[in-house]
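Below: the structure, in structure tokens.
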Number of protein chains: 2
Amino acid sequence: MLSQITLMPKNKQFNKEFVLEAAAGIFMEKGYNGTSIDDILKATGLSRSSLYDSFVDKHNLYLQSLEFYKESNVNKLKSVDDKNLNGLQKLELLFKNVVNHLVDHPNENGCLLVNAAAEMSKQCYKTSQVVCNNKDDVQDILTSWISDAELKKVLKINKPAKVYSQFLYSTLCGLRVMSQSGAGKAELTNVVKITLDSLN
Amino acid sequence: MLSQITLMPKNKQFNKEFVLEAAAGIFMEKGYNGTSIDDILKATGLSRSSLYDSFVDKHNLYLQSLEFYKESNVNKLKSVDDKNLNGLQKLELLFKNVVNHLVDHPNENGCLLVNAAAEMSKQCYKTSQVVCNNKDDVQDILTSWISDAELKKVLKINKPAKVYSQFLYSTLCGLRVMSQSGAGKAELTNVVKITLDSLN
DNA sequence: AATATAACGGAATGTTTATTCCAAATTACT
DNA sequence: AGTAATTTGGAATAAACATTCCGTTATATT
């Protein structure tokens, strides 16, 4: 396993981020209820004892990996945000990245946050909180990009920037669902093209 | 139970459509793996024996209820299609219906087809077939509406109608996910407004 | 060398699960 | 009246499940 470090009392010291990423992967692929503890042990390389020692139980691990996934999702946006581009260019780059990721990772099951919204948000309040926080965070960044594009006069809009960010967020969700519904790169690219064209 | 008829040998003759609709409801709420046989018995009013006699097993019932849900979803589009409206008006009516249904049924968990795509499509080929067929059927109808709107000169487009139907389909999926992510009527209405405005 | 710490394998537990089975109940048809 | 058809409740089964527990190993610190 790649998670080994050898500094603490015994050798197989696992890396928490590695575990959360692997757990997010298996939950994304099989869903919360479809993932067994054995699946998690295989995916993370953790021992049964370590899992319960360090993550309390399956549900707690799920929430931690969902939170981790959400943070890394928001960080992807922030790394686009850090580039020296205007808001419209950032939007274009983001959508290009999203489509590429979806078509390059056909084994992955779309997006853990979308899947969590579908499977768990009505059953588990904490899940719905993470899903909702993700929506807010993403929309805030999108809003700032739209405002920037308007300011720099590369975009002309006639509604509050927030409304456009809601619209763009719905497209982001739609792309994830469509890639799980048999849509290929051409179709996803069409959707992005119309979405971005519609801003002008 | 409302499914009772009394014509056949014994009394509790159940109505297959009623059962499939109830099953679709509980699968939508709890997901496939989150729904137990006891949940299904309670939701459908079926006896354990009848379930296995008539629907083979849980997975088979899931597929039948998913197929049933997909047909009734497509039929909703067709009933809009039957109205004496131009293509653009049909689009507006459809989106209004979708938003109203989402906000009027907060207990329901979005859309069984979206949830099935998220939870099951990578694990079960038959599920992915139904999900994919739904996408094709819906897009075909949307395409015909867009072509009609163009023909009647209420819409001016510069790409094949099919491309716009893919875009509209992504919005439909996005709306369902967003309603499971804490979006209220105002937000969903904003998304619809921008989507429809973008066609002009 | 001794000890405390951290992780391990794997057996054990008890619950939940889907599914099968069977005897009983009910009614239409002959 | 009797028989076949159909559904029922509920016990029985067996597998899968999450979780707990314990003895062992390994090492960093004292």
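The chains referred to below are lettered A, B, ... by the order of the sequence lines, with proteins before strands, and numbering in each begins at 1.
For B/S36, the side-chain atoms get nearest to C/dT17 when compared with the rest of D/dG10, C/dT17, D/dC22. Proximity note for A/F14 (side chain, C-beta onward) versus C/dA7, C/dT19, D/dT19: the nearest is C/dA7. Candidate nucleotides C/dT20, D/dG9, C/dA7 were compared by shortest atom distance to the side chain of B/S49, and D/dG9 ranks first.
Between B/K58 atom NZ and C/dA18 atom P the separation is 4 Å, expressed in whole Å. In this entry the distance linking NE2 of B/H59 with P of C/dT19 reads 10 Å, nearest Å. What separates CG of B/D53 from C1' of D/dA5 is a distance of 12 Å, to the nearest Å. Following rounding to the nearest Å, A/Y62 (OH) and D/dT19 (C1') show an atom-to-atom distance of 20 Å. A/D38 has its CG atom 12 Å from the C1' atom of C/dG10, to the nearest Å. Rounded to an integer number of Å, the gap from CD1 of A/I37 to C1' of C/dT15 is 14 Å. What separates OH of B/Y52 from C1' of D/dT7 is a distance of 17 Å, to the nearest Å. One atom, CG of B/N60, and another, C1' of C/dT19, lie 14 Å apart when rounded to the nearest Å.
Two residues, A/L51 and A/R48, neighbour DNA chain C, and the one matched to the more 5' nucleotide by heavy-atom proximity is A/L51.
The base of C/dG10 has none of its N or O atoms less than 3.5 Å from a complementary donor or acceptor on the side chain of A/S47.
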In residues 176-183 of chain B, what donor-acceptor pairs under 3.5 Å come from side-chain atoms, sequence neighbours left out?
residue: B/S179; atom: OG; partner: B/R176; partner atom: O; Å: 3.1
residue: B/Q180; atom: NE2; partner: B/N109; partner atom: O; Å: 3.0
residue: B/Q180; atom: NE2; partner: B/N109; partner atom: OD1; Å: 2.7
residue: B/Q180; atom: NE2; partner: B/N115; partner atom: OD1; Å: 3.4
residue: B/S181; atom: OG; partner: B/V177; partner atom: O; Å: 2.8

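Applying the salt bridge (Lys or Arg N to Asp or Glu O under 4.0 Å) test to pairs two or more places apart or on separate chains, none has a residue in residues 107-126 of chain A. Applying the salt bridge (Lys or Arg N to Asp or Glu O under 4.0 Å) test to residues at least two apart or on different chains, the pairs with a partner in residues 185-200 of chain A are A/E187-B/K135, A/D197-B/K159. Among residues at least two apart or in separate chains, there is no salt bridge (Lys or Arg N to Asp or Glu O under 4.0 Å) pair with a member in residues 91-107 of chain A.
In the region residues 24-35 of chain B, proximity to DNA chain D at under 4.0 angstrom, judged on heavy atoms, holds for none of the residues.
Both A/Y164 and B/F167 belong to a single network of hydrophobic side chains, linked directly or stepwise wherever heavy atoms of I, L, V, M, F, W or Y lie under 4.5 Å apart.
Partners of A/Y62 by ring-ring contact (aromatic ring centres under 6.0 Å, His included), not counting sequence neighbours, listed by chain and number: A/F27, A/Y32.
If you check every strand for non-hydrogen atoms under 4.0 Å, B/D57 touches sugar and phosphate atoms only.
Classification of B/K78 and B/D82 as a salt-bridged pair fails, no side-chain N sitting under 4.0 Å from a carboxylate O.
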